[in-house]
Amino acid sequence: MSDTLIRSLDLIEPGDLVVYHGSITDLHGLWLATPCPCGICRAIDQLGLAEVRFALADPWGEQPGPFHVRRQSVTRSFACG
C-alpha cells in the first residue's frame, strides 16, 4: 500500500506518532502507536474483528502509556507526513 494512500485513509501503522485525546485526560498528547500486546486484544485481532486497539509508548521513554486504546481516541500526527 502506498504512503499516499495510507495518509489519505488516515490509517495508523505501528510506530506512527499519534495524538491521544481519549478518556484519560492526564495522558493527552503525543505518543507512538503500537499494537496492544494483551491477550484479549491479540485474540480480537486474530479473529479478524475490526476493533483495533493500541498500546501507546512515550516517544521519549519517560512515562508508561495507556493500553487498550480505541482507534477513535487517537489521531495520526501531522508529523507523520
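For the numbers below, each heavy atom of this structure counts, side chains included, while hydrogens, waters and symmetry mates do not. Because the structure is predicted, anything quoted here is derived from the model rather than measured.
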d(Ser73 OG, His68 NE2) to nearest 0.5 Å is 13.0 Å
Separation between CG (Leu49) and CD (Gln46), nearest 0.5 Å, reads 11.0 Å
Sorted by chain and number, sequence neighbours left out, salt bridge (Lys or Arg N to Asp or Glu O under 4.0 Å) with Glu62 holds for none
(Q) Between Arg76 and Leu11 (side chain of the first, backbone of the second, donor and acceptor by atom type, cut-off under 3.5 Å), is there such a pair? (A) yes
- [ ] Would you kindly confirm whether Ile44 and Phe67 end up in one hydrophobic cluster when ILVMFWY residues are joined by side chain heavy atoms under 4.5 Å apart?
- [x] no
On a heavy-atom basis, the closest approach of His21 and His28 is C-NE2, 3.4 Å
Find out whether Arg70 and Glu51 are in side-chain contact, i.e. whether some heavy atom of one side chain is under 4.5 Å from a heavy atom of the other.
yes
Side-chain heavy atoms of Leu56 within contact of Val74, under 4.5 Å
yes
Which pairs of donor and acceptor atoms, one on a side chain in residues 31-41, lie under 3.5 Å apart (sequence neighbours left out)?
{"residue": "Trp31", "atom": "NE1", "partner": "Leu27", "partner atom": "O", "Å": "2.8"}
{"residue": "Thr34", "atom": "OG1", "partner": "Ala55", "partner atom": "O", "Å": "2.9"}

